[in-house]
Amino acid sequence: MKDGEIMIKEFVNNGYRYVLSGPSLKLTKVKLNGVDITKYLSNQSSISEYDVSKNSGRDVTNANGDMILNVINTKYRLDLVTRPLTEDELVDFFTEIRKRPSPIEVEFLNPFDKKWKTIQCYRGDRTAQSMLSYIIDGQLVELYNPISQAIIEL
């Protein structure tokens, strides 16, 4: 499929009608070790920005009961959720993630300031669910349900 081209496939499986369409809305563009993986992502992907505090999240209050927050850094977590993937796409998606455990260089468009950000991350938990089989143009096609992969800044 070429950039900007829309793919729509309809099929019926066990009496249920499914419509697969793409490209879908994307939260951002994401590169892992320089490889653009955006084409695999769904609009369920998310980017979290969180503060690291001096007291490891156990910030203190003063005598007046005012909370004293000592933020020393801001970190990011990307929860990458794919669209349904074929077996080959699943392998391609995980290639950069599984190449080495840590660190993974991640580039993404930060939605909080609309600037490109490059961070060093480790991979978090991954999930893969069963496949859905259907026939298109007389050919059996199997898709994995959306995959979830956490990428967390070091």
Side-chain angles (χ1 to χ4, degrees), residues 1-10 18-62 64-132 134 136 141-154:
M1 180 178 358
K2 297 175 186 171
D3 286 340
E5 186 177 313
I6 296 177
M7 171 203 78
I8 298 177
K9 296 285 184 181
E10 293 186 37
Y18 295 88
V19 178
L20 302 175
S21 63
S24 62
L25 295 173
K26 306 287 189 296
L27 173 65
T28 187
K29 291 193 176 284
V30 178
K31 293 181 180 179
L32 302 180
N33 298 325
V35 176
D36 189 348
I37 62 159
T38 308
K39 65 183 177 183
Y40 300 119
L41 300 180
S42 75
N43 60 355
Q44 299 300 307
S45 297
S46 65
I47 296 175
S48 302
E49 180 181 76
Y50 58 95
D51 295 327
V52 178
S53 63
K54 184 177 180 180
N55 301 337
S56 301
R58 295 181 294 276
D59 291 305
V60 296
T61 56
N62 62 18
N64 295 329
D66 298 326
M67 184 173 178
I68 299 171
L69 183 62
N70 297 304
V71 176
I72 58 174
N73 204 346
T74 299
K75 298 283 185 172
Y76 295 91
R77 173 187 170 121
L78 285 77
D79 288 301
L80 306 176
V81 180
T82 68
R83 59 177 170 71
L85 300 177
T86 65
E87 289 179 288
D88 290 340
E89 289 175 326
L90 180 72
V91 171
D92 288 345
F93 175 73
F94 280 115
T95 296
E96 292 304 316
I97 295 167
R98 298 183 74 203
K99 195 175 273 187
R100 58 179 185 253
S102 185
I104 300 169
E105 182 180 272
V106 179
E107 299 172 67
F108 64 96
L109 186 60
N110 185 347
F112 301 104
D113 63 13
K114 293 298 181 193
K115 295 180 182 175
W116 280 95
K117 182 95 177 148
T118 302
I119 57 177
Q120 299 296 311
C121 295
Y122 66 93
R123 64 184 186 206
D125 295 337
R126 301 166 283 296
T127 61
Q129 297 178 350
S130 60
M131 293 188 296
L132 173 66
Y134 61 96
I136 291 182
V141 177
E142 295 183 322
L143 291 178
Y144 279 91
N145 282 324
I147 308 297
S148 177
Q149 171 66 62
I151 304 288
I152 304 154
E153 186 174 12
L154 293 171

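Residues T82 and Y144 fail the side-chain proximity criterion, which asks for heavy atoms closer than 4.5 Å. A 4.5 Å side-chain heavy-atom check between F108 and I47 finds at least one atom pair inside the cut-off. Side-chain contact between V106 and L78 is present, with at least one heavy-atom pair separated by less than 4.5 Å. Contact annotation: the side chain of V30 never approaches that of E107 to less than 4.5 Å [non-hydrogen atoms, C-beta and beyond]. Looking only at side-chain heavy atoms (C-beta outward), P103 and L154 come within less than 4.5 Å of each other. Side chains of Y122 and I104 form no contact here, defined as non-hydrogen atoms less than 4.5 Å apart. Within the 4.5 Å cutoff, the side chain of E142 has heavy atoms near those of the E87 side chain.
The closest side-chain donor-acceptor pair between N33 and E105, if any, does not fall under 3.5 angstrom.
A salt bridge links E89 and R83; the closest N-O separation between the charged side-chain nitrogens and carboxylate oxygens is under 4.0 Å.
Heavy-atom neighbours of N73 CG from other residues, nucleotides or ligands within 6.0 Å: above the threshold of 12.
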### Query
Going through the distances and angles, do C121 and I151 end up as a side-chain contact (heavy atoms from CB on, under 4.5 Å)?
CA-CA 6 Å; C121 295; I151 304 288; 3.4 Å; yes

### Task
Show the numbers, then the answer: is there a ring-ring contact (aromatic ring centres under 6.0 Å, His included) between Y76 and Y50?
CA-CA 6 Å; Y76 295 91; Y50 58 95; 7.9 Å; no

### Trace of the side-chain contact (heavy atoms from CB on, under 4.5 Å) decision for V81 with L41
CA-CA 6 Å; V81 180; L41 300 180; over 6 Å; no

### Task
Please step through side-chain contact (heavy atoms from CB on, under 4.5 Å) for the pair W116 and N110, ending with a clear verdict.
CA-CA 6 Å; W116 280 95; N110 185 347; over 6 Å; no

#### Entry: Derivation and outcome, side-chain contact (heavy atoms from CB on, under 4.5 Å), residues I97 and Q149
CA-CA 9 Å; I97 295 167; Q149 171 66 62; 3.7 Å; yes

### Task
Would you check, one step at a time, whether the test side-chain hydrogen bond (donor to acceptor under 3.5 Å, both in side chains) holds for D36 with T38?
CA-CA 6 Å; D36 189 348; T38 308; 2.6 Å; yes

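Taking every heavy atom of both residues into account, E96 and L32 meet most closely at CG-O, 3.6 Å.
In this structure, OG in S46 is found 8.0 Å from CZ in R77, a value given to the nearest 0.5 Å. Of the inter-residue distances, the one linking I147 atom CD1 with L90 atom CG reads 5.0 Å to the nearest 0.5 angstrom. Here K39 contributes atom NZ and L85 contributes atom CG; the two are 10.5 Å apart, rounded to the nearest 0.5 Å.
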